[in-house]
Q: 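Structure below; questions to follow.
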There are 2 protein chains.
Amino acid sequence: MGLSFILISSGPNLANFINYIRYLQIIMSNKKPSIPKGTRDFTPIVMCRRNYILETVKNAFERYSYVPIETPAMENTSTLTGKYGDEGDKLIFRIINSGDFLAKTQIDDTTDSKTILKDISDKALRYDLTVPFARFVVQNRNEITFPFKRYQMQNVWRADKPQKGRYREFFQCDADFIGTDSLLCEVELIQLYDDVFTNLNIPNVEIAINNRKILSGMVELMGASDIFENIVIILDKISLIGLERVKEEMLKEGLDANSISILESFLSVKIISDLSPLLEGSEVGKEGLKELQFIVDTVTDLGLQSANLIFDITLARGIDYYTGSILEVKNTDIEIGSIGGGGRYDSLTANFGIDGLSGVGISFGIDRIYLVMNELALFPNDVNLNTKVLFMNFGEKESKYCLPLLKELRLNGISSELYPTSVKLKKQMNYANNKGVQYVILVGENEINTGLLSVKNMATGEQQDLTIDQLISEINLNA
Amino acid sequence: MGLSFILISSGPNLANFINYIRYLQIIMSNKKPSIPKGTRDFTPIVMCRRNYILETVKNAFERYSYVPIETPAMENTSTLTGKYGDEGDKLIFRIINSGDFLAKTQIDDTTDSKTILKDISDKALRYDLTVPFARFVVQNRNEITFPFKRYQMQNVWRADKPQKGRYREFFQCDADFIGTDSLLCEVELIQLYDDVFTNLNIPNVEIAINNRKILSGMVELMGASDIFENIVIILDKISLIGLERVKEEMLKEGLDANSISILESFLSVKIISDLSPLLEGSEVGKEGLKELQFIVDTVTDLGLQSANLIFDITLARGIDYYTGSILEVKNTDIEIGSIGGGGRYDSLTANFGIDGLSGVGISFGIDRIYLVMNELALFPNDVNLNTKVLFMNFGEKESKYCLPLLKELRLNGISSELYPTSVKLKKQMNYANNKGVQYVILVGENEINTGLLSVKNMATGEQQDLTIDQLISEINLNA
C-alpha cells in the first residue's frame with residue numbers, strides 16, 4: 001500500500017477513498033496506542049492459563065493453612081529504600097506527589113536529582129512482597145496470631161532493563177511462616193512446593209537445599225569469614241563459570257592454596273553425612289548440618305509426590321537476609337533458571353522495630369512457571385474459559401424465545417450467551433469457533449413449534465434435538 | 001507510661017529495664033511503620049470477605065460468558081490524560097522515569113511544574129479500567145473476536161482527598177460488551193446485576209435506569225441543548241438539593257418559566273409510557289424512549305430474581321462518554337450512594353483511532369458492597385478461611401507421628417496444620433481459638449498405641465476417638 005493506492009482508487013469509488021483517508025489518519029496520527037516497555041496486556045487465553053497456575057498455588061497455600069493478606073501497591077519511600085542495596089534502590093519506581101509538587105522545593109541549575117527526588121516524591125511502588133510483609137507484621141502485630149502463616153499474591157514493579165522473561169511489572173506468590181524457628185516449617189514448605197508442581201503436572205522438578213550456617217562454617221574453616229559475602233557471591237556463579245574460574249576468583253580475593261583445598265573438599269561432597277567430618281571444627285557449621293539433616297530426613301520419611309530434594313553446597317542465593325535454610329526450585333528440562341526459591345531469615349522485621357522474629361518463606365515464579373508449562377505443553381485443554389452454550393440469533397421473535405432458556409442455563413451454572421444481533425449465520429458461526437463454544441443452539445420457527453432445541457456439538461459435529469432439561473443433563477454429565 | 005517507669009523499675013530488675021529501653025527505641029525511632037494515606041492493608045479476615053464478593057462477581061461474569069483481561073498498572077501518560085477532564089488529570093498519579101531523570105531537562109527558578117513533569121515522567125498509574133480497556137481493544141484488535149465481552153477486576157489509583165469510603169487505591173470490577181448496539185446487552189447486564197446481588201443476599205436492591213437520549217430530548221424541548229451538560233449536572237444533584245434548588249439553579253442558567261415547566265412535567269412522570277406524549281416533538285427523545293421501553297419490557301417479561309428495576313428521569317451520571325442507556329444500583333437500606341453503575345457509549349475507542357464501536361458496560365463498587373454487607377451482617381459465617389484441623393504438638397516423637405496424617409488430610413483437600421513447636425497446651429489452644437480452627441487433634445502416647453486420634457470439635461466441645469479415615473469422612477460429611 002501507499003500513495004499509489006489513492007491514485008488507483010480515487011476515481012469513482014468515493015467510499016473506498018474516504019475509508020483509506022480514515023485509515024491513513026489512524027496510522028499517521030499519534031493515536032497509535034502502546035504500553036510502557038516491560039509491561040504486558042493479558043489477553044483472555046493468557047489470563048485463563050495464568051489463573052490456572054495461580055488457582056493451583058492458592059489452593060495449596062490454603063490446604064497448608066496459610067491465610068491471605070494484601071498490602072498497597074504504594075509504600076512510603078522510606079519503607080522501601082535501603083533494603084535492596086544501592087542497585088535495588090535505583091530500580092524502585094517513585095510516584096510524584098499530587099498537587100503543585102514544585103512549590104515546596106528550591107531548584108536551580110546546580111540542584112542534584114536526589115534532592116529534588118526527596119522533595120517531589122514520598123511514595124513508591126513496592127519492589128517485592130517481603131519488605132511490605134515485614135512492615136505489615138510490625139504495623140498489624142496486635143491483630144496477628146503468632147506463629148503467623150500468610151500468603152500474598154500481588155504484582156511488584158522494578159525499573160529493570162526489560163528482556164525476555166524479565167518484566168517491569170510482574171507477579172509474586174509468597175508463603176511465609178513467621179514467629180517460630182521450628183524446622184517443621186521448612187519440611188512443610190518443601191512439601192508445598194512438591195504439592196503444587198505435582199498438581200501442575202510439571203515433571204523433573206528439583207528442589208535444591210542448603211543452609212547458610214553450613215556456608216558460614218565452610219568459609220570460617222577456610223579462614224575467610226571477613227569476606228563471607230564475596231565468597232558466597234563467587235560460589236553462586238559456579239554453575240555459570242565452572243570450578244576453575246571460581247578458584248581463580250577466590251585466589252584474587254586473597255585465599256591461599258589451603259583455603260582452596262578446603263573449598264574443594266566441600267564441593268566434592270555427594271551425601272550430607274560426608275559433611276560431618278569436614279565441619280567438625282565449626283560450631284555454626286555443625287548447627288547448620290544438624291538442621292539440614294533433620295529437614296532432609298523428615299522429608300525423606302514422608303516422601304515427596306514427584307519432586308526430587310537434592311543437597312547443593314553451591315546454593316547460596318545472593319540476597320543477604322537469609323540466615324538458615326535456603327531453597328531453590330528448577331525444572332531440569334528447560335534452561336530458564338529457578339521457578340521458585342526461599343529460605344529462613346532471623347531479622348526481617350528488625351528494620352521496622354521488632355527484632356528476633358524468625359521466619360521462613362518461599363516464592364513461586366509465576367512467569368517462569370508459565371513459560372515452562374507453555375514450552376512443555378502442560379496446560380490442560382479445558383483451561384480456557386469457553387462459553388459452553390451459544391444461542392444463534394435468527395431475529396427478534398426467535399431471540400425472545402431463547403432468553404428464558406438462556407436464563408435457565410445460567411441459573412444452572414452453565415456459561416452461556418445469545419448472539420446479540422441477527423447477522424448472517426456464517427458470522428455467528430465464526431464467532432462460535434473463535435470463542436471455542438461447545439454447543440451451538442439453533443432455534444427457528446420449527447423449534448419454537450416443537451419446543452425442542454436443535455443442539456450442535458461443535459467438537460463432534462453431532463446434531464441433536466433436545467429439551468432444555470436434556471441439554472442441562474448432557475452438559476452436567478460431560479462436565 | 002513515660003520516664004517515671006524507668007525510675008520505678010530501674011532497680012534490680014535489669015531485664016525489665018532493657019526491655020523498656022528497647023520499647024523506647026521502637027517508639028522513638030523513625031522506624032514506626034505506616035502506609036501512604038488513602039491506602040489500606042488487608043488482614044486475612046477482610047481478605048476472605050472481599051474474596052467472597054469478588055468470587056461471586058467473577059462467577060457471574062463467567063456464567064454470562066464474559067472473558068477476563070488484565071492491563072498494566074502503568075500506562076503511558078498520554079493514554080490517560082485528557083480523558084477525565086481537567087480535574088481528573090490532576091488526580092492521576094505519575095511515575096518518575098528511572099535513571100538520572102534531571103539530565104534531560106533544563107531547570108531554573110522560573111520553570112513551571114508542568115514543564116518539569118513532562119520531562120521527568122512519561123508513565124502514570126491507571127485511573128480507571130475503562131480508558132485502558134479502550135486502549136487494549138484498539139491495540140489488540142486483531143486478536144479479538146467482536147462483539148467482545150470482557151471483564152476486568154483490578155486496582156485503580158486516584159490522588160483524591162481520602163475520606164470514609166474513598167481511597168487512593170481501590171478495586172474496580174467491570175464487564176463490557178463492545179462492538180454491537182443490540183439492546184439485548186443492556187437486558188443481560190441488568191440480569192447480571194440482579195444475579196450477583198441475589199447471590200450475595202443483599203436485599204432491597206434498586207437498579208435505576210434512564211437514557212441519555214431521553215435527557216437530550218427533554219433538554220432539546222426545554223430549548224437548552226447548548227447547555228445540555230450544565231443541565232444534566234444540576235439534575236444529577238436533585239436527590240441532594242431538592243426540586244426547588246434545582247429550579248433556582250436552572251433559572252440562573254438562563255432558563256425561562258416555560259422551560260422549567262417542561263422540566264417539571266418530565267420530573268412528574270411516574271410510568272415510562274407517560275413519557276410518550278411529552279417527547280412527541282423530539283426525534284432523539286423518541287429514540288431513547290423506544291430503547292428504554294424495549295429494555296424494561298424484556299427485563300419485565302424475563303423477571304428479576306430479587307432486584308427492582310426502576311425508571312429515574314433524574315439519573316444522569318456525570319461522566320460524559322455515555323450516549324444511550326444509563327444504569328445505577330443502590331441498596332435502599334444504607335445511605336452510601338451507588339454500589340454499581342454503567343451505561344452505553346458510542347465512541348470510547350475513538351481516542352485511540354477506532355470510531356463507531358458501540359458498547360455498554362457496568363461496574364461493581366466492591367468497597368461499598370463490602371460496607372453494605374458488613375453493616376447488614378450479610379457475610380456467611382463460613383466465609384473465613386479457617387484451618388479445619390490443627391494437630392497439637394506434644395514433642396518430637398508425637399509430631400513425627402502426626403506428619404503422615406497431616407499429609408493425608410491435605411491430599412484430601414482439607415486445610416490442616418501442625419503446631420510447629422511443643423509449647424504449653426494453653427498457648428496452642430489460644431492459637432486454635434484465634435484462628436477459628438474446627439477440629440483439634442490430640443496425639444499422645446496413648447493415641448500412638450491405639451492408633452486412634454483424640455478429636456475435639458471446637459464448636460460443640462465434643463471429643464471423639466477416630467481413625468484418620470473416620471475423621472476425613474466426618475469432615476467431608478459436614479462440608
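On a predicted model such as this, the values are computed, not experimentally measured, just so you know.
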Q: What I'd like to find out is whether the side chain of A:E188 reaches to under 4.5 Å of the side chain of B:R410, using heavy atoms alone.
A: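 Counting from C-beta outward, A:E188 and B:R410 do come under 4.5 Å.
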Q: With side-chain contact (heavy atoms from CB on, under 4.5 Å) as the test, would you mind laying out the steps for A:F171 and B:E70 before giving the verdict?
A: CA-CA 12 Å; A:F171 212 74; B:E70 277 184 12; 5.8 Å; no
Q: Given heavy-atom pairs under 4.5 angstrom as the criterion, report whether the side chain, backbone, both or neither of B:K400 touches chain A.
A: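 B:K400 touches chain A through side-chain heavy atoms alone.
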Q: Looking at every non-hydrogen atom in both residues, tell me the closest pair between B:F146 and A:Y419 and how far apart they are.
A: O-OH, 4.3 Å
Q: Can you tell me how far the OG atom of A:S415 sits from the CZ atom of B:F61, to the nearest 0.5 Å?
A: 13.5 Å
Q: Within the structure provided, determine whether B:K407 and A:Q191 are in side-chain contact (heavy-atom separation under 4.5 Å).
A: yes
Q: Is B:R40 close to chain A through its backbone or its side chain, or both, or neither, when contacts mean heavy atoms under 4.5 Å?
A: backbone
Q: Does the side-chain contact (heavy atoms from CB on, under 4.5 Å) test come out yes or no for B:L125 and A:L125, once each step is laid out?
A: CA-CA 10 Å; B:L125 292 177; A:L125 293 175; 4.2 Å; yes
Q: Please identify, among A:S416, A:S399, A:P404, the residue contributing the most non-hydrogen atom pairs under 4.5 Å to chain B.
A: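 Going by pairs under 4.5 Å, I would pick A:S416.
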Q: Non-hydrogen atoms of chain A under 4.5 Å away: do they reach the side chain of B:D301, the backbone, both or neither?
A: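 Looking at B:D301, just its side chain touches chain A.
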Q: For B:P36 versus A:K123, what's the shortest heavy-atom pair and its separation?
A: CB-CD, 3.6 Å
Q: What residue in B:V67, B:D41, B:L184 has the most heavy-atom pairs under 4.5 Å with chain A?
A: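 Most heavy-atom pairs within the cutoff with chain A belong to B:D41.
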Q: Checking side-chain contact (heavy atoms from CB on, under 4.5 Å) for the pair A:K435/B:K149: CA distance, chi angles, key distance, verdict?
A: CA-CA 11 Å; A:K435 238 184 148 172; B:K149 302 173 76 171; 3.9 Å; yes
Q: Based on non-hydrogen pairs under 4.5 Å, which of A:N434, A:T71, A:L302, A:T180 is most in contact with chain B?
A: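 Of A:N434, A:T71, A:L302, A:T180, A:L302 has the most heavy-atom pairs under 4.5 Å with chain B.
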Q: If I measure from the heavy atoms of chain A, does B:Q139 come under 4.5 Å with its side chain, its backbone, both, or neither?
A: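 B:Q139 touches chain A through backbone and side-chain heavy atoms alike.
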Q: Heavy-atom distance under 4.5 Å to chain A: side chain of B:E62, backbone, both or neither?
A: both
Q: If you count heavy-atom pairs within less than 4.5 Å of chain B, which of A:T39, A:N76, A:I95 leads?
A: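 Winner by heavy-atom pair count: A:N76.
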Q: Quick check for you: among B:I35, B:T387, B:T421, B:D195, which has the greatest number of heavy-atom pairs under 4.5 Å with chain A?
A: B:I35
Q: Please check if atom CD in B:Q305 has more than 12 non-hydrogen atoms from other residues, nucleotides or ligands closer than 6.0 Å.
A: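 Yes, because the 6.0 Å sphere around CD of B:Q305 holds more than 12 heavy atoms from other groups.
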Q: Given heavy-atom pairs under 4.5 angstrom as the criterion, report whether the side chain, backbone, both or neither of B:E396 touches chain A.
A: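 B:E396 touches chain A through side-chain heavy atoms alone.
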Q: Minimum heavy-atom separation for A:M47 to B:I69, with atom names?
A: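 Reported closest heavy-atom pair: CG-CA, 3.7 Å.
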Q: Sort out for me which of A:P44, A:A134, A:A159 touches chain B most, counting heavy-atom pairs under 4.5 Å.
A: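 Greatest number of close heavy-atom pairs with chain B: A:P44.
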Q: Do the non-hydrogen side-chain atoms of B:K388 and A:S65 ever get within less than 4.5 Å of each other?
A: no
Q: So which part of B:N393 gets closer than 4.5 Å to some heavy atom of chain A, the side chain, the backbone, both or neither?
A: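 Only the side chain of B:N393 comes within 4.5 Å of chain A.
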Q: Please find the pair of heavy atoms, one from B:F136 and one from A:F42, that lie closest to each other, and give the distance.
A: CE1-O, 4.0 Å
Q: Heavy-atom cut-off 4.5 Å, strictly under: side chain, backbone, both or neither for B:S121 against chain A?
A: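 Side chain only.
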Q: Between B:G303, B:P147, B:G413, which has the largest tally of heavy atom pairs under 4.5 Å with chain A?
A: B:P147
Q: Please state whether the side chain, the backbone, both or neither of A:F170 comes within less than 4.5 Å of a heavy atom of chain B.
A: neither
Q: Among B:F93, B:Y66, B:Y167, which residue forms the greatest number of heavy-atom pairs with chain A at distances under 4.5 Å?
A: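 The option with the most such pairs is B:F93.
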Q: Heavy-atom pairs under 4.5 Å with chain B - which of A:A73, A:S182, A:P420 has more of them than the others?
A: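 Between A:A73, A:S182, A:P420, the count favours A:P420.
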Q: Do the side chains of B:I96 and A:I120 get nearer than 4.5 Å, heavy atoms only?
A: yes
Q: Does either side chain, that of A:T43 or that of B:N140, offer a donor lying less than 3.5 Å from an acceptor on the other one?
A: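 The criterion, which ignores hydrogens and geometry beyond distance, is not satisfied for B:N140 and A:T43.
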